[in-house]
Amino acid sequence: MSPPTVAARRAQLAVRAQLLAGASVAYNVIEAVLAISWGRAADSAALVGFGLDSTVEVASGLVILWQFRHQVPESREHTARRLIAVSFFALAAYVPADSLTALATGQRPDTAPLGIALAATSLAVMPLLSWAQRRTGRQLGSGSVVADSTQTLLCTYLSAVLLLGLLANAILGWWWLDSVAALVIAAVAVREGLESWRGEDCCAPGFGQQAASRTRAPTPAATAERGATDALSTRQGRCLSRRVSSGPTSGQA
């Protein structure tokens, strides 16, 4: 495949990453506004907390938009991953504090119908968005986009926790269930945050890397493209070495 075609494909994937990030930001802004306003009206700490969690996902999506506004998004990859890691840590800090407070005070989540409807909607939408983000991130070889998809997936889990807590309290009186489950999610957020900070999550080689490995005599344009992604290829070396039994990666060719 010729270098111009490779560049065009990468540009398409970059546009897709921005569109998905924009969709995530828009959805989570609406979700945050509705959850916080409905939560305050119903005096529901669970719904208010869910809305605050949505703002973390908004921050993660904004990081992706910032990264891919640059002419060479790979140059912002390291910073973007660190910023998304911070969003994981923010989520991990808030959820335990809220959950432990609820457990200590015996605070029961409300069974507001609007809250149940909002949680169910998020549970239907978020997995699809996360899947699309992860697929795009792996095609680009972008750890930041993959990390953002994980952030979306964690928000999916929190939607499930909210829905489970509301229903369990209404049907079985298990008011503590959502808080316990949220603590598990917080632990996962810490792990994902550390991996994003260190650059340890595994991504498939980016589109440009795959094409470069098939090019025997790279043109100056192909050489320039490889140089733009060299830093990303180096950070992915650890993950790629577990998938390729022999031979150097394209970023090291």
Side-chain angles (χ1 to χ4, degrees), residues 7-36 50-92 94 118 121-159 185 188-189 192-193 195-209 228-229 231-232 235-236:
R9 177 58 175 160
R10 286 184 62 81
Q12 291 174 357
L13 290 170
V15 170
R16 186 194 300 172
Q18 293 181 71
L19 290 174
L20 290 171
S24 175
V25 169
Y27 181 85
N28 281 282
V29 166
I30 295 173
E31 184 178 75
V33 171
L34 292 178
I36 292 174
F50 182 65
L52 293 176
D53 292 333
S54 298
T55 63
V56 175
E57 175 62 17
V58 170
S60 180
L62 289 176
V63 169
I64 297 300
L65 290 175
W66 168 80
Q67 178 186 357
F68 283 90
R69 292 286 183 179
H70 195 275
Q71 187 176 2
V72 185
E74 292 83 357
S75 65
R76 290 182 170 180
E77 176 77 16
H78 180 70
T79 302
R81 293 187 64 139
R82 290 290 178 92
L83 291 173
I84 292 177
V86 171
S87 74
F88 277 116
F89 296 145
L91 182 64
Y94 169 77
L118 181 61
T121 300
S122 294
L123 196 57
V125 172
M126 287 299 186
L128 298 176
L129 181 59
S130 177
W131 173 82
Q133 290 171 323
R134 182 170 297 273
R135 181 182 180 187
T136 301
R138 290 190 179 280
Q139 289 175 333
L140 275 169
S142 173
S144 61
V145 177
V146 172
D148 186 42
S149 76
T150 304
Q151 182 69 262
T152 302
L153 190 61
L154 285 181
C155 287
T156 302
Y157 295 156
L158 287 172
S159 301
I185 292 174
V188 174
E192 295 295 339
E195 289 184 355
S196 182
W197 184 271
R198 297 168 182 165
E200 291 180 352
D201 66 324
C202 291
C203 296
F207 190 87
Q209 292 169 272
T229 59
L232 177 61
R235 288 193 295 274
Q236 291 174 333

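- Closest approach of A14 to F68, counting heavy atoms only: CB-CD2, 3.7 Å.
- Side chains of S54 and Y27: a donor-acceptor N/O pair is absent below 3.5 angstrom, by distance only.
- T136 places a side-chain N or O within donor-acceptor distance of the main-chain N or O of A132, the cut-off being under 3.5 Å.
- Checking side-chain atoms of R81 against main-chain N and O of W197 turns up no donor-acceptor pair under 3.5 Å.
- A pairwise comparison of heavy atoms in N28 and V58 identifies CB-CG2, 3.5 Å as the closest pair.
- A donor-acceptor pair is defined here as one N or O able to donate and one able to accept, closer than 3.5 Å; no such pair exists between the side chain of E192 and the backbone of A147.
- For S87 (side chain) and I84 (main-chain N/O), a donor-acceptor pair under 3.5 Å exists by modelled atom type.
- Although no hydrogens or angles enter the test, the distance criterion places a donor-acceptor pair under 3.5 Å between the side chain of E77 and the main chain of S144.
- The residue from L154, T152, D148 that alone fulfils the side chain to side chain contact (heavy atoms under 4.5 Å, CB included) condition with S60 is D148.
- When all heavy atoms are compared, the tightest approach of S130 to S149 is OG-O, 2.8 Å.
- Atom-to-atom distance recorded for L19:CG and R16:CZ is 9.5 Å, nearest 0.5 angstrom.
- The CG atom of L65 sits 6.5 Å away from atom CD of Q18, with the distance rounded to the nearest 0.5 Å.
- In this structure, R76 places its CZ atom where more than 12 heavy-atom neighbours from other residues, nucleotides or ligands lie under 6.0 Å away.
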